[in-house]
Amino acid sequence: MSNYSWLLSDIVRLLDQFDPESYSTDHFVSEAAKNHQAQDEAEQTFLVEVLSGCLYYRSLLDVAVNAFYIRDGKSFLRSEWNLCVVLCYLATFRLKELGVTHFTKIIKSQNVNKMHKFLKFFFNTMNLTTLIKDEWSQIYDEAYIKEKLIDPLLRWQPDIHNLIDHLANMLANKVTHKKESQPVTVPKEFNITKPKPRSIPMPEEIPMLEIHRKIPRSTYEPPKEEQLLKERKKKNRQHAEEHLIEANISLFRCANPQEYNYKKHIKSEIMKEEEAKKKSKAPKVRPIPAQIMENIPIKLNTAAILRENVLYQRRVKKELERIDHLIEGGHDPSKYEEWQRQKDEQLMEQQLADAERRRLEGKIFFEDAILARQARIEENKRKTAQQKEEAAELMQKYTEKRRQEEKEMKERVERMIKGRGDIKQQKLNMQEYKQKMAKEMNKETAEILQQLLEKANEEIRKRSELIHEIRAMQTLPTLKHNFLDLSKPAGHNLLHEMSILELRERLGLLKEAQFKAEEDKRDRILNEKQAKEQLLLDKLEQISLHREALSKKVVLRHSEEELKKRKSSSKRIETKQQLAELQKKLEEKKKEHNKLIKIRKKTTRENVKREEGSSTEQRRLKEERWWRNLETSREHNVERFKLRSMAAQAAEKAS
């Protein structure tokens with residue numbers, strides 16, 4: 001687990017992908033573990049545990065990170081929220097397990113300035129005891145937060161303050177590096193009797209929940225019966241098609257329904273004779289006279305008659321008001337309205353002509369823009385050629401500088417190999433000791449869990465026995481005797497309570513009253529219907545008179561409109577001439593554009609021919625550079641192999 005930055009980036013990426021509406025936490029963590037199986041076991045367990053812990057305590061961690069963003073995290077990006085969540089989780093829940101050394105490595109793998117700000121805020125006693133504690137106490141119990149979360153953080157404060165001071169010195173460039181030439185002092189352990197391991201306290205009793213059955217896979221998968229039915233249908237269809245093809249191929253000759261030409265000729269003659277007889281027998285249809293065709297009566301329903309009558313009444317009312325207005329000395333607004341309408345039509349025609357003119361002018365401007373763009377492209381090509389030459393010179397200088405840096409790196413590697421010691425054996429001893437402790441812990445926890453399961457099973461058995469007894473008591477039979485007397489009331493002590501016989505008599509009286517009311521209503525409806533029919537007949541006569549008057553008015557209006565159209569045609573001719581001139585101008589611009597395109601094609605062909613000659617030389621130069629780089633890289637690899645072998649020999653001698 002040396003590459004902490006890579007592990008943290010993986011955890012942050014997975015937290016960004018998590019969506020609580022589409023995934024459950026267990027399902028998401030299991031999928032993440034499957035995707036990261038190629039890693040080391042220690043790295044995989046660390047990733048899974050940290051990811052599940054961040055998701056489980058998300059509400060608690062978001063409170064602390066939100067407070068940091070409000071106070072001191074203004075320079076932090078919103079995309080770094082989940083990174084702060086991971087660091088907050090490691091500091092609160094996993095700091096004892098990781099230790100200060102691993103925690104410092106994790107912090108140093110990130111940006112120093114940002115980590116300094118975060119640790120300074122989070123491990124501040126004022127912030128922990130006031131702001132963060134108050135927010136956390138709204139989610140969990142106050143005693144739990146004080147004992148399990150805030151007190152451990154306050155205990156780790158001296159070590160973390162040293163780390164914060166070290167980060168501040170790194171930012172101020174005050175960090176003192178150890179000299180590599182001096183020998184490293186190796187501490188030796190004192191020969192002291194090791195203390196006995198502390199006894200693990202008994203865990204608190206956890207209330208056992210009911211074991212829920214897992215959701216069967218059949219709910220998410222379609223049933224097998226549908227697939228079998230589809231396959232059966234396909235097979236049956238194939239068999240039916242095969243049988244049909246065989247039946248069509250193997251037809252009997254005697255059942256072939258072919259007819260001779262003579263028989264067909266006789267049949268056609270018989271059909272013609274029957275059609276001629278039908279035509280002679282059919283009566284001749286007389287054409288409908290023109291007078292009846294013109295004035296066909298239209299059948300109207302009641303709603304249409306009333307609607308049309310209201311419309312004509314409004315028109316009559318308007319006309320009467322207009323006549324009264326003229327009698328009183330007012331002017332007729334009809335001429336002004338006619339003039340206004342003509343003015344609007346002329347304005348509309350003018351707007352259409354202006355729009356067409358603007359369209360043509362826009363096309364002309366577009367052609368001009370294309371010509372200007374082509375000129376700018378040619379100028380840009382000239383500038384790019386100049387920049388390529390400058391880039392080639394800079395690349396040559398960069399390669400020389402790179403070679404010098406590689407030589408310096410080789411010298412540094414040789415110095416580092418000499419100053420290294422053997423630390424692998426100590427790591428193996430620590431791992432063996434931790435494995436032994438873990439096995440002992442697992443055995444004790446297994447025994448405690450077994451005892452808890454036995455207690456829970458006994459409680460469940462007792463409850464089931466109580467339930468059986470209660471159900472047996474409920475199933476005992478009860479005797480009920482109900483004697484019905486129709487002449488007496490039920491005795492529910494309600495107002496207006498009556499017996500069943502009295503209720504039947506009252507219902508009979510109500511039915512008689514309802515029958516009389518229905519007969520009266522029927523007579524009233526008939527009288528209203530007759531009055532309505534008479535009213536509709538009167539209104540139909542009025543509608544016919546109004547229609548005749550309107551037809552005469554329409555004929556006069558058509559004759560006036562034809563005269564006005566002749567006058568407006570002369571004005572349209574003038575606008576068309578202006579648009580034709582603009583169209584000619586646009587065609588001239590297009591011709592210029594086409595000429596420039598032809599000239600450019602010729603120049604591109606000439607450039608291609610020139611580049612074909614120069615491309616062979618460039619390929620030869622590229623091949624020579626490639627071979628040189630390959631030789632130099634192989635030399636570097638050989639030198640690195642020698643250095644590694646020397647380092648391995650030195651380590652063997654030291655051991």
Side-chain angles (χ1 to χ4, degrees), residues 278-279 281-353 355-356 510-572:
K278 285 178 183 177
K279 286 178 181 178
K281 288 178 182 178
K284 291 182 180 180
V285 180
R286 291 182 181 179
I288 299 162
Q291 293 176 356
I292 296 166
M293 285 292 287
E294 286 176 359
N295 298 316
I296 296 167
I298 298 161
K299 192 175 182 182
L300 298 169
N301 57 2
T302 55
I305 291 161
L306 293 168
R307 202 183 296 117
E308 198 166 357
N309 186 27
V310 170
L311 194 142
Y312 287 129
Q313 281 178 359
R314 284 176 188 168
R315 286 179 183 173
V316 169
K317 191 177 178 182
K318 282 182 182 178
E319 192 66 25
L320 290 168
E321 285 176 357
R322 190 178 68 80
I323 291 161
D324 291 335
H325 185 63
L326 289 169
I327 290 163
E328 288 173 0
H331 66 281
D332 189 8
S334 61
K335 290 181 180 179
Y336 174 75
E337 288 173 358
E338 186 67 25
W339 175 80
Q340 188 70 32
R341 190 174 62 76
Q342 290 175 3
K343 199 78 176 172
D344 291 338
E345 287 176 358
Q346 288 175 3
L347 199 139
M348 191 69 188
E349 289 174 359
Q350 187 67 30
Q351 284 177 355
L352 290 168
E356 186 67 22
L510 283 168
K511 282 179 183 178
E512 288 177 1
Q514 192 176 1
F515 182 71
K516 285 179 182 178
E518 283 177 359
E519 285 182 350
D520 294 335
K521 193 175 181 181
R522 209 173 280 120
D523 295 333
R524 190 173 65 253
I525 288 163
L526 284 169
N527 294 325
E528 287 175 359
K529 198 173 184 181
Q530 289 173 1
K532 195 174 182 181
E533 286 176 356
Q534 187 64 37
L535 193 139
L536 287 170
L537 290 168
D538 296 336
K539 286 182 178 179
L540 277 169
E541 289 178 0
Q542 290 178 1
I543 288 163
S544 62
L545 292 169
H546 283 295
R547 280 180 179 171
E548 287 176 1
L550 282 170
S551 61
K552 290 176 183 177
K553 197 181 282 186
V554 168
V555 171
L556 291 168
R557 194 184 295 163
H558 279 299
S559 62
E560 289 175 358
E561 284 178 356
E562 285 176 359
L563 290 168
K564 288 172 185 176
K565 283 179 183 177
R566 289 172 189 172
K567 290 177 182 178
S568 62
S569 61
S570 62
K571 292 180 181 178
R572 289 175 185 169

Asker: Please list, one pair per line, the donor and acceptor atoms closer than 3.5 Å that link side chains of residues 522-530 to other protein atoms, with sequence neighbours excluded.
Answerer:
unit_1 : atom_1 : unit_2 : atom_2 : d
Asn527 : ND2    : Asp523 : O      : 3.2

Asker: NZ/Lys532 to CG/Leu537 distance, rounded to the nearest 0.5 angstrom?
Answerer: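 Here the interatomic distance stands at 13.0 Å.
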
Asker: Say you draw a straight line from CD1 of Ile543 to CG of Asp538; how long is it, rounded to the nearest 0.5 Å?
Answerer: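 CG of Asp538 is found 11.0 Å from CD1 of Ile543.
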
Asker: Can you measure from CD (Glu345) to NZ (Lys343) and round to the nearest 0.5 angstrom?
Answerer: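 If I round to the nearest 0.5 Å, the distance is 12.5 Å.
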
Asker: Measuring from Gln313:CD to Gln542:CD, what's the distance to the nearest 0.5 Å?
Answerer: 6.5 Å

Asker: Mind checking the CG-CG spacing from Leu306 to Leu536? Nearest 0.5 Å is all I need.
Answerer: 5.5 Å

Asker: Could you give the distance from CG (Leu347) to CG (Leu352), rounded to the nearest 0.5 Å?
Answerer: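 Here the interatomic distance stands at 10.0 Å.
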
Asker: Just jot down the side chain to side chain donor-acceptor pair (under 3.5 Å) partners of Glu319, sequence neighbours excluded, or say none.
Answerer: Arg322

